[in-house]
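Below is one structure, written out as C-alpha cells; comments come after it.
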Amino acid sequence: MISHSTEVRLRRLLAAQPSYKPTRAVLDRAQQTTVLCFVGASSMGKTTLMEVLARSTNDYGITKNFTSRAPRSEDTAERYTYFVHSDAGLRPIFDRIKSHELLQYNIHPYSLHVYGSEIEGYPHHYNMGDIFCSSIEGFRHLGFKQLYVFSVISEANVWLRRFNKRFPPSHPQRTARLQEAVSSLTWSLDQTALDHTWIINREDACSEAATDVQRIVNGETIDQTEARQLAQACLQTAQHLLLDLEETAV
C-alpha cells in the first residue's frame, strides 16, 4: 500500500515523464547503444519474441529493468530488479529520478507501478525491451546510436484466446489491460516515424517474426499492409470487449 502523498508524487512524475532527461554521463553512454523497443498489447507475444531472438544469436540480449510490480511466474532474475510498491520501497527510485541517474522511467497510468532502467542494463550489441507506447517518445530523445521500434501484432482470434487465458472475465486487471490494449494499438496505428515497423507474430511461428526483426535491423523493408489490417481487427476486438464490460457494469 502507498500513502496519499506517495500517490500524488507518482502522478506528478507520470505527468513529468515525457520531459525526463538523464545526466550527461548517461546520455554519452546511450550514444554508443543500439536499442530495439517492442510495443504491443498484453498477450501479443513480445517476451516470447525477444527470447527467441536472444537464443538465436549472442548479438541480441534482453535489457535488465526494474519494477515495483509483484514478480510473475514467467519473470527471471536476469530481467528484473524488484522494488516493493510502498512508500519506503519506492524511495530509492524517487531519489534516482531526482538525481537523473536513471536512463528512463515509466509509471503505469492505471496501476501506478513504476518501471525503468539504467544504462548498465543495456550491455548487448542489440538491446531488446518490451516498452510501453507512452515511453517511446522519451526513448527517441535519448540519443541512442540506433533505435528500432517494433509494434508486435497477432491475428485477432489468436490474441483474444491468449488474452482471455491470461486475463479471464473475473481477473481484476482485465479492464485495465483492455484499456491499455486500445491505447497501445491506437498509438501504433498512428505511427509514421521511420524507426517504426510492424512485426506479425503468428501462432506457432515466432521464429518467422524473429527473422523479420533481423531483416529490419539488417536494412531490409517488409510490407506493412497485412499487419495494419490485423491491428485494426485487434483494436475493434478490444473496443468491443471494453464496451461489453461497460454495459455489464451498468
Side-chain angles (χ1 to χ4, degrees), residues 1-39 46-47 50 53-54 58-72 75-150 180 184 187 193 195:
M1 289 290 293
I2 58 174
S3 66
H4 175 69
S5 60
T6 294
E7 179 179 345
V8 169
R9 187 170 186 180
L10 285 168
R11 294 194 182 281
R12 286 176 179 167
L13 288 172
L14 173 61
Q17 188 175 290
S19 61
Y20 174 81
K21 285 288 187 296
T23 65
R24 183 71 257 173
V26 173
L27 287 172
D28 287 344
R29 293 178 64 182
Q31 290 177 359
Q32 309 303 316
T33 304
T34 296
V35 177
L36 283 63
C37 298
F38 292 85
V39 177
K46 301 184 295 296
T47 297
M50 290 191 298
L53 280 161
N58 291 331
D59 285 343
Y60 287 77
I62 300 175
T63 60
K64 179 69 175 280
N65 304 315
F66 66 80
T67 180
S68 69
R69 68 159 171 77
R72 296 172 183 160
D75 289 351
T76 64
E78 294 78 21
R79 189 172 177 193
Y80 288 109
T81 297
Y82 296 96
F83 292 86
V84 178
H85 195 72
S86 66
D87 291 5
L90 291 171
R91 193 169 298 122
I93 300 177
F94 291 156
D95 290 344
R96 292 185 73 75
I97 292 174
K98 186 177 181 180
S99 62
H100 296 265
E101 294 175 85
L102 300 179
L103 175 64
Q104 54 81 222
Y105 73 89
N106 182 281
I107 297 173
H108 194 286
Y110 303 109
S111 68
L112 294 182
H113 287 143
V114 185
Y115 299 77
S117 57
E118 303 190 49
I119 193 62
E120 287 79 10
Y122 294 67
H124 312 286
H125 187 73
Y126 296 115
N127 295 274
M128 302 181 293
D130 55 331
I131 310 297
F132 291 117
C133 63
S134 57
S135 289
I136 295 299
E137 202 57 37
F139 270 78
R140 285 172 170 157
H141 288 90
L142 287 173
F144 290 114
K145 178 181 179 181
Q146 188 73 51
L147 180 71
Y148 299 90
V149 181
F150 296 104
E180 183 181 272
S184 180
W187 179 90
D195 63 14

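Numbers here are sequence positions counted from 1. These numbers come from a predicted model, not from an experiment.
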Would you call K64 and E120 a salt bridge, using N to O less than 4.0 angstrom? no
In sequence, state the C-alpha distance, the side-chain angles, and the governing distance for Y126 and H124, and then conclude on ring-ring contact (aromatic ring centres under 6.0 Å, His included). CA-CA 5 Å; Y126 296 115; H124 312 286; over 10 Å; no
Give me the ring orientation class for Y148 and F150: parallel if the planes are under 30° apart, tilted from 30 to 60°, perpendicular past 60°. parallel
Evaluate the criterion side chain to side chain contact (heavy atoms under 4.5 Å, CB included) for residue pair L36 and Y60; output intermediate values, then yes/no. CA-CA 9 Å; L36 283 63; Y60 287 77; 3.7 Å; yes
Using side chain to side chain contact (heavy atoms under 4.5 Å, CB included), reason through V8 and H4 one step at a time and then give a plain yes or no. CA-CA 6 Å; V8 169; H4 175 69; 3.6 Å; yes
Note: D130-R79 ion pair, threshold 4.0 Å (strictly below): yes
Contact list for residues 15-25, test salt bridge (Lys or Arg N to Asp or Glu O under 4.0 Å), sequence neighbours left out: R24-D28
The test is side chain to side chain contact (heavy atoms under 4.5 Å, CB included); show your working for T67 and F83 and say whether it passes. CA-CA 6 Å; T67 180; F83 292 86; over 6 Å; no
Interatomic distance, CD1@I131 vs NZ@K46, rounded to 0.5 Å, equals 10.0 Å
Angle class for the Y115/F132 ring planes (parallel below 30°, perpendicular above 60°, tilted otherwise)? perpendicular
Side chains of F66 and L102: closer than 4.5 Å at any heavy-atom pair? yes
Is it true that a side-chain atom of S68 and a backbone atom of V114 form a donor plus acceptor pair closer than 3.5 Å? yes
Just verifying a value: how many Å separate R69 CZ and S111 OG, rounded to the nearest 0.5 Å? 9.5 Å
Interatomic spacing from CG in N106 to CZ in F139 - rounded to 0.5 Å: 8.5 Å
Non-hydrogen side-chain atoms of F94 and T6 separated by less than 4.5 Å: yes
Please check: side-chain N/O of T63 versus main-chain N/O of N65, any donor-acceptor pairing under 3.5 Å? no
Heavy atoms of other groups near H113 NE2, more than 12 under 6.0 Å: yes
Value rounded to 0.5 Å, distance of CG in L103 from OH in Y122: 5.0 Å
Just do the side chain to side chain contact (heavy atoms under 4.5 Å, CB included) check on I2 and H85 with the steps written out, would you? CA-CA 7 Å; I2 58 174; H85 195 72; 3.9 Å; yes
Smallest separation among heavy atoms of F38 and L53, with atom names: CZ-CD1, 3.9 Å
To check you understand the geometry: which heavy-atom pair defines the closest contact between C133 and S184, and what is its length? SG-CA, 3.9 Å
Going by the rule side-chain contact (heavy atoms from CB on, under 4.5 Å), which residues pair with A88 if we only count those two or more places apart in sequence or in a different chain? S86, R91
Does E101 reach the side chain of V26, with side-chain heavy atoms less than 4.5 Å apart? no
Heavy atoms of other groups near R12 CZ, more than 12 under 6.0 Å: no
We want to know whether S117 and Q104 form a side-chain donor-acceptor pair, criterion being a heavy-atom distance below 3.5 angstrom. yes
Determine whether a donor-acceptor pair (N or O, by modelled atom type, separation under 3.5 Å) exists between the side chain of D195 and the backbone of L147. no
Please report the interatomic distance OG1(T33) to CG(L142), rounded to the nearest 0.5 Å. 10.0 Å
Interatomic distance, CG@L13 vs CD1@I107, rounded to 0.5 Å, equals 4.5 Å
So, does S99 use its side chain to make a donor-acceptor pair with the main chain of D95 at under 3.5 Å? yes
Determine whether V39 and W187 make a side-chain contact, defined as any pair of heavy atoms from C-beta on separated by less than 4.5 Å. yes
